[in-house]
Asks: 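Pasting in a structure now, in structure tokens, and then I'll have a few things to ask.
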Amino acid sequence: EYIQDGIDWAKVDFDDNQDCLNLFEKKPLGLLSLLDEESTFPNGTDSSFANKLKQHLKSNPCFRGEREKAFTVSHFAGEVTYDTTGFLEKNRDLLHLDSIQLLSSCLCHLPRIFASNMLNQAEKPVVGPLHKAGGADSQKLSVATKFKGQLFQLMQRLESTTPHFIRCIKPNNLQSPGSYEQGLVLQQLRCCGVLEVVRISRSGFPTRMSHQKFARRYGFLLLENVASQDPLSVSVAILHQFNILPEMYQVGYTKLFFRTGQIGALEDTRNRTLHGILHVQSCFRGHQARHHFKELQRGIATLQSFVRGEKTRKEYAILLQRHRAAITIQKQIKGRNGRKTFKEISDASVVIQSVIRGWLVRRCSGNTGLLKYGASKGNESDEVMVKASFLAELQRRVLRAEAALREKEEENDILHQRLQQYESRWSEYELKMKSMEEVWQKQMRSLQSSLSIAKKSLAVDDSERNSDASVNNASDDREYSWDTGTNHKGPESNGLRPTSAGLSVISRLAEEFEQRSQVFGDDAKFLVEVKSGQVEANLNPDRELRRLKQMFETWKKDYAGRLRETKVVLNKLGNEEGALDR
């Protein structure tokens, strides 16, 4: 590649391992070929194989024969001495057909899979450079032949790809953390060829890039506009701008060749420039987006204001029309009511005047002299009588107003009495609630006490069974306490404390039954009164009745369970008293 691009370079010397490779792979006198050949002989032995190696490979500089069955090979990493004992047997790697058939006849699935795979490999024809023409022996491959085939496939894959290797270096032989043996690491690097590869890479130009690719990748870093120039001129301008030393690169016909580490500075500058460009672009695009958003926002606000104004104007016109219609209707109704009232008053006035005038005429019809005498004073008397009639009408209205006021006061007194009744009932309901809470607390305490008594009775029963089993019915004179469950001697207890405890539990259960029955009965009676309308309360009587029924059922189940537990405890106490009496 250096010669094709015409660069100035010095040939790199490196250790060629071809002699060692020929020692192993050369045909027909390679080490692996001789091993396969000796393995095919029925009378071949490890000693004959070692003698054959010493006879045919003594001319190779990487081979040296040793005493008896040993020989030495000079590898790249160093000399290694081998012993041929067991070489032929391991190379043949014989597996009899009977063993494979035995595996295939197993009932287990896994051995049958192994047997089928081995039969398929035995029946598969051998292809490639390792194929030998022949009969059945051509199908039997030795270990060395299989290894050569695998190595051939690996080399083909490496040649067709761009491989990258990872070398694992062992820091110490003790497998301990934090320990780094410099000599051991250096030896591994030298034996693996890493140092040689690094030396060859540093001696040459490992980084190579075409003129077009280099100009396209780093052309935008130039301070001047060189878009019209050819890629070679652009590449040279970039190299001069970044002051890359001439001995650190070579310009070829089609490519640029760089020594190790020279392209890193260009990549760093390119990355920084790209980040800056992206930052500027992001700021400019953000500015554009914000400007566009503000314009849209202003346009939307303007459109909304127009729409809302039009909508408000329409609503105001409708409201104004309704207001005018309402005023017109009110005016007509008020005018009609006023005319009706005026007509009623006018008719009433006419009736009153006619009555008064008739009464006056009837009163004065028998005394014409009086009429003549009072003719001069007729107008004054008419005015007095009319005022008297208006005064009587006003008095009647006052009496009616006083009667209506007394009725309102009586209704107000009735309402006050109902309010007092409701307040008294509410206070009674609060007292009932408090009493129910106290009853529930007492019930909880009674339940806790009955539970502790049941536990103690169970403990007494268990301790009695354990003591009976341990002493074989020899502890007739020992008694167990109801409270602690420990055994003690003495005739003073004699079953009195368990009996008194059982009676206290029964009395508490009876008291609880009476109290809960009374509470549930009072609550049910109150809800029935509310539902029938006798008592007013801010609650739903049907829902409260269902809830009260659920509470009653829950308490009923709990009470039945505690009653059964108390019966069991009392039965146990009766059995214990009978045993003590006996």
Side-chain angles (χ1 to χ4, degrees), residues 425-468 475 478-530 539 541 543-582:
R425 289 181 181 179
W426 177 253
S427 60
E428 290 176 1
Y429 184 74
E430 287 183 346
L431 293 174
K432 287 182 180 181
M433 292 296 294
K434 291 181 181 179
S435 63
M436 287 174 65
E437 290 179 355
E438 293 176 356
V439 169
W440 287 343
Q441 291 178 0
K442 291 179 181 180
Q443 290 174 359
M444 289 298 296
R445 288 194 293 269
S446 66
L447 288 174
Q448 291 178 357
S449 61
S450 62
L451 181 61
S452 62
I453 292 171
K455 288 182 178 179
K456 291 175 182 179
S457 64
L458 291 174
V460 168
D461 192 11
D462 293 336
S463 61
E464 285 179 356
R465 286 196 294 267
N466 293 330
S467 61
D468 292 338
S475 58
R478 298 175 64 90
E479 297 179 356
Y480 291 85
S481 174
W482 173 270
D483 295 328
T484 62
T486 58
N487 52 351
H488 61 279
K489 295 180 180 181
E492 62 274 7
S493 62
N494 200 14
L496 294 177
R497 293 180 63 186
T499 303
S500 61
L503 292 176
S504 64
V505 171
I506 293 172
S507 63
R508 280 195 293 270
L509 289 175
E511 291 176 0
E512 179 185 356
F513 180 79
E514 294 295 335
Q515 293 174 356
R516 293 303 292 267
S517 299
Q518 184 179 359
V519 169
F520 282 125
D522 294 340
D523 291 344
K525 184 177 179 181
F526 175 71
L527 292 176
V528 169
E529 290 178 356
V530 171
L539 52 85
R543 186 175 59 195
E544 294 296 329
L545 279 173
R546 288 195 296 269
R547 189 173 65 83
L548 184 64
K549 184 177 180 182
Q550 292 177 359
M551 292 173 57
F552 178 74
E553 293 295 334
T554 305
W555 172 80
K556 181 179 177 182
K557 292 180 181 179
D558 180 57
Y559 187 81
R562 289 188 282 115
L563 191 60
R564 287 194 295 269
E565 292 178 358
T566 306
K567 289 180 180 180
V568 172
V569 172
L570 292 176
N571 290 330
K572 290 182 179 179
L573 292 176
N575 294 332
E576 291 176 1
E577 290 177 0
L580 292 173
D581 293 338
R582 287 195 299 272

Asks: Could you give the distance from CD (Glu553) to CG (Leu548), rounded to the nearest 0.5 Å?
Replies: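 The distance works out to 10.5 Å.
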Asks: To the nearest 0.5 Å, how far apart are CD in Glu438 and CD in Gln515?
Replies: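 If I round to the nearest 0.5 Å, the distance is 10.0 Å.
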Asks: Which distance, rounded to the nearest 0.5 Å, do you find between the CZ of Arg516 and the CG of Asp558?
Replies: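 It comes to 9.0 Å.
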Asks: To the nearest 0.5 Å, tell me how far Lys549 NZ sits from Lys556 NZ.
Replies: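 Lys549 NZ to Lys556 NZ: 10.5 Å, rounded to 0.5 Å.
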Asks: Any chance you could measure Glu514, atom CD, to Ser517, atom OG, to the nearest 0.5 Å?
Replies: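 Answer rounded to 0.5 Å: 6.0 Å.
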Asks: Please verify the inter-ring angle class for Phe520 with Phe552; under 30° counts as parallel, over 60° as perpendicular, anything in between as tilted.
Replies: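 The arrangement is perpendicular - the two ring planes meet at more than 60°.
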Asks: Would you say the side chain of Phe526 lies within less than 4.5 Å of the side chain of Glu544, judging by non-hydrogen atoms?
Replies: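 Counting from C-beta outward, Glu544 and Phe526 never come under 4.5 Å.
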Asks: Begin with the C-alpha distance, continue with both residues' side-chain angles, and end with the deciding distance and a verdict on salt bridge (Lys or Arg N to Asp or Glu O under 4.0 Å) for Lys442 and Glu511.
Replies: CA-CA 10 Å; Lys442 291 179 181 180; Glu511 291 176 0; over 6 Å; no
